Peer 1: 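Here's a structure for you.
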Amino acid sequence: MAAVKETVDQVAELERYKYGFVTDIESEFAPKGLNEDVVRFISAKKGEPEWLTDWRLEAFQRWQTLKEPSWAKLGYPPVDFQDLYYYAAPVKKAGPKSLDEVDPELLATYEKLGIPLKEQEILAGVEGTENRVAVDAVFDSVSVVTTFKEKLEEAGVIFCPISEAVHRCPEIVQKYLGSVVPITDNFYATLNSAVFSDGSFVYVPEGVKCPMELSTYFRINAQNTGQFERTLIIADKGAYVSYLEGCTAPQRDENQLHAAVVELVALEDAEIKYSTVQNWYPGDKDGKGGIYNFVTKRGDCRGARSKISWTQVETGSAITWKYPSCILRGDDSVGEFYSIAITNGRQQADTGTKMMHLGKNTSSRIISKGISAGHSSNTYRGLVSAHGKAKNARNYTQCDSLLIGDKCAAHTVPYIEAKTASAVFEHEATTSKISDDQMFYCMSRGLSDEEAVALIVNGFVKEVIQHLPMEFAVESQKLINISLEGSVG
Amino acid sequence: MLEIKNLHVAVEGNEILKGIDLTVKPGEVHAIMGPNGSGKSTLSYVLAGKDDYDITAGEVLFNGQNLLEMAPNERAVAGLFLAFQYPIEIPGVATMTFLKTALNAVRKERGKDELSTPEFMKLVKEKSAKLNVSQEMLRRPLNVGFSGGEKKRAEILQMALLEPALCVLDETDSGLDIDALRVVSDGVNALRSPERSMIVITHYQRLLDHIVPDIVHVMARGRIQKTGGKELAKELEAKGYADYVGEAAA
Ligand SMILES: Nc1ncnc2c1ncn2[C@@H]1O[C@H](COP(=O)(O)OP(=O)(O)OP(=O)(O)O)[C@@H](O)[C@H]1O
Ligand SMILES: [Mg+2]
């Protein structure tokens, strides 16, 4: 906490230099609040080309005309956007002196995830051990990063922070950035376009099957991407890539508001699989201190026969507002959405997907599994639409909700818009409760109440878990169990 | 093994068990017979720890422990097993997964090593073959869409795996065809041992032809009205419960 205080003090100090910061590139902070100068400052700090500065400024101007959406079924105190910092260079923090100073709850969670103590120390950033361990970690990550970079380069795959991609392959970035989520898209996306800090960039060239799963895990150094992350993934004709987002250790973050943008572009015959396991800090039992996650994720099946598939496991955040979507532009393209959203305590989640069928013979599939426990609220909101030209568009939607206890809520809000008579949209929805009889039955076989819930929940989400890459599937199951702890009894 | 003393149980203000006394010694097989609604299932649920019941008086000792203070899973770990009259469906959970989770939960609490997947598979194959439970059935979600007889066989399979000290079988014979009755009875008999006790609740003498009890109780109107040897069951089969349900019986 001292570190946070220190950062705040430094920023406060800088704030007094009201005039210095715009031209002073050496300065590490932009003052609180958002205006054109701050946007220019961010862009200058990153040495961005003029087109990108202008792009950010256009977004900023647009953002000033927008109002924060209020339609999602969420309740949270208003965010004061002028009370946030939009740029702060990563500062090395003075960590806790020993493990004793680390929040025991955090350590307990690491332990349950099977992360050894040494790694816990790195993750918690303990001073003293930090240096020694950091060296190991650097060694490890250097070797990992190098071998995997070589392999990727051989294949012609570009995988780097987006700030680096702007310099490495500016034409590609300029061509695709904002082409799926335009700067005019929505309040949070527009804000992100103006101030985005960093994020991942992937380009898989024509005909290349990316030789490994790409994951933010390999991007250790570039991980400090802050609250306005921007990801852009392009699979050129016939290319394939599977991307994993998220880290399975709980991220505690002093940034409350997260407004990321993810854009995926799949050209002819290309396929992108995007998997997320999100377990940001959900806040304490009363919901205090959690992350507000307002993210815009969209994939564009731009080419014929392309395929984009989203799989997500959402267990964290105080508030989640998230609709990974597919634009099925190419004929015969396929969009998929597999989701598990778990809310407990006072968490609120409003998630779902949009499948926009524009091309002929396009098809989409939505499997959503919502689990609510405690006093939480879990809403599935989905839109399936077929454009007039989307002949023979097909969708299958299955939305299942599972309630644990009787103080939580689940809502299903499906929208369907078909402008072509040949569209076939199917929707199935179920809501069930873990009954007392089921609990008693399981317990009479020796399971504790928590083991019983975990078993039933794992059965409920199995269909989605199967779509995750192997390692992720195992960890997700552990995470699901952890996030439901304390939901019974 | 089990000592029930003056047990009174009520549901929503209605007294259902009105003073049960029952002692089961290691290795004994007790049969409880009695008319519908006499409280047989209630007794079995109270023993297993279902919490819809108000225990208004009495106590139950299980190997010296105060059973009524234990959570259902603690009772299972301590060696109590109830084969349900109406087994509960657990959607989405493959029977195999359920069995493995339960067995390892119990083993862990009993201080034994958890079984690895191959070890478990070997064990479950062996036990399920004896009960005519197919591999296909083990892959299906537990009890979901199982026929009446399949549910009962799945119960006995769980019992065989968990190796309880006291087995309570609530109408395990109902819904079984003649062949299944033999298979299940053989399964139960295979578990009989000098250390293991059983309480077999049934309406029919034919089950007791297969699982021969040491002691037979007649339960009616919330009480054990008569206790005898295995010939008592035969007598009931012939005469019915008329002697026990009338006002004069008490
Ligand atoms: N949860 C409950 N709420 C209200 N009444 C109950 C409840 N459980 C049991 N009873 C009543 O208690 C009485 C005994 O029921 P129980 O199921 O124990 O009988 P049983 O001897 O097992 O009968 P059967 O031979 O038909 O299985 C019945 O009258 C039943 O309606
Ligand atoms: Mg009964």
Side-chain angles (χ1 to χ4, degrees), chain A residues 112 114 338 340 342 367-371 398-406 428-467 470 473-474 476-478 480-481 484 488-489, chain B residues 44-53 70-110 112 114 140-144 151 154-155 157-159 161-164 168 170:
Chain A
K112 280 177 209 148
Y338 300 103
I340 298 168
I342 297 176
I367 309 284
S368 160
K369 303 275 181 179
I371 298 157
Q398 186 189 325
C399 272
D400 299 321
S401 307
L402 184 68
L403 305 176
I404 303 172
D406 48 16
E428 281 176 31
T430 66
T431 301
S432 49
K433 221 188 128 184
I434 298 186
S435 69
D436 294 347
D437 282 348
Q438 287 172 330
M439 288 298 292
F440 172 61
Y441 186 79
C442 293
M443 288 178 75
S444 77
R445 295 331 184 213
L447 304 185
S448 68
D449 48 6
E450 280 175 353
E451 287 168 332
V453 167
L455 182 71
I456 294 172
V457 165
N458 281 328
F460 178 73
V461 300
K462 203 168 50 188
E463 214 179 329
V464 171
I465 294 277
Q466 284 166 351
H467 289 278
M470 198 50 186
V474 175
S476 300
Q477 270 176 344
K478 281 192 202 163
I480 289 168
N481 299 349
L484 284 171
V488 284
Chain B
S44 69
Y45 283 142
V46 168
L47 291 177
K50 197 172 184 202
D51 67 4
D52 307 343
Y53 304 98
M70 296 159 76
N73 51 318
E74 292 168 343
R75 300 181 194 203
V77 170
L80 186 107
F81 184 93
L82 168 63
F84 282 54
Q85 182 174 3
Y86 304 108
I88 307 294
E89 298 185 356
I90 311 289
V93 180
T95 302
M96 188 79 94
T97 309
F98 184 90
L99 295 174
K100 181 163 178 233
T101 311
L103 179 59
N104 278 337
V106 164
R107 286 183 67 98
K108 198 175 77 191
E109 292 300 316
R110 289 179 186 163
K112 293 188 194 165
E114 295 183 28
R140 283 159 57 189
L142 182 62
N143 293 328
V144 178
K151 283 183 183 169
E155 292 291 288
L157 175 58
Q158 294 180 45
M159 190 167 100
L161 283 168
L162 295 180
E163 300 182 327
V168 181
D170 191 358

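Just so you know, these numbers come straight off a predicted model, no measurement behind them. Letters A, B, ... mirror the listed sequences (proteins, then strands); counts begin at 1.
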Peer 1: Would you be so kind as to tabulate the donor-acceptor pairs closer than 3.5 Å made by side chains of residues 83-91 of chain B, with sequence neighbours excluded?
Peer 2:
unit_1, atom_1, unit_2, atom_2, d
Q85(B), OE1, S41(B), OG, 2.7
Q85(B), NE2, E171(B), OE1, 3.2
Q85(B), NE2, E171(B), OE2, 3.3

Peer 1: Non-hydrogen atoms of chain B under 4.5 Å away: do they reach the side chain of E451(A), the backbone, both or neither?
Peer 2: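 For E451(A), the side chain is the part near chain B, not the backbone.
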Peer 1: Do you know which two heavy atoms are closest between C442(A) and F98(B), and how far apart they sit?
Peer 2: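 Scanning both residues, the minimum pair turns out to be SG-CE1, 3.7 Å.
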Peer 1: For the candidates A76(B), G49(B), P72(B), which exhibits the highest count of non-hydrogen atom pairs separated by less than 4.5 Å from chain A?
Peer 2: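 So the answer, after comparing A76(B), G49(B), P72(B), is P72(B).
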Peer 1: Are there over 12 heavy-atom neighbours, none belonging to D436(A), within less than 6.0 Å of that residue's CG?
Peer 2: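 Atom CG in D436(A) is not packed in, count stays at 12 or less.
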Peer 1: Grab the two heavy atoms, one from V93(B) and one from G459(A), that are nearest each other, plus how far apart they are.
Peer 2: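 Minimum heavy-atom separation between V93(B) and G459(A): CG2-CA, 4.1 Å.
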Peer 1: Counting only heavy atoms closer than 4.5 Å, note whether L142(B) contacts chain A via side chain, backbone, both or neither.
Peer 2: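 The side chain, not the backbone.
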Peer 1: Sort E109(B) into side chain, backbone, both or neither according to what part of it lies under 4.5 angstrom from a heavy atom of chain A.
Peer 2: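 Neither; nothing under 4.5 Å.
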Peer 1: Just verifying a value: how many Å separate K462(A) NZ and T97(B) OG1, rounded to the nearest 0.5 Å?
Peer 2: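 These two atoms lie 6.5 Å from each other.
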Peer 1: Enter the distance from L161(B):CG to R445(A):CZ here, rounded to the nearest 0.5 Å.
Peer 2: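 Taking CG in L161(B) and CZ in R445(A), the distance rounds to 11.0 Å.
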Peer 1: Return the option, out of A102(B), P141(B), A71(B), with the maximum number of heavy-atom pairs under 4.5 Å with chain A.
Peer 2: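 Looking at each of A102(B), P141(B), A71(B) in turn, A102(B) comes out on top.
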Peer 1: Using a strict 4.0 Å threshold on nitrogen-to-oxygen distance, state whether K50(B) and D437(A) make a salt bridge.
Peer 2: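 Yes, this pair counts.
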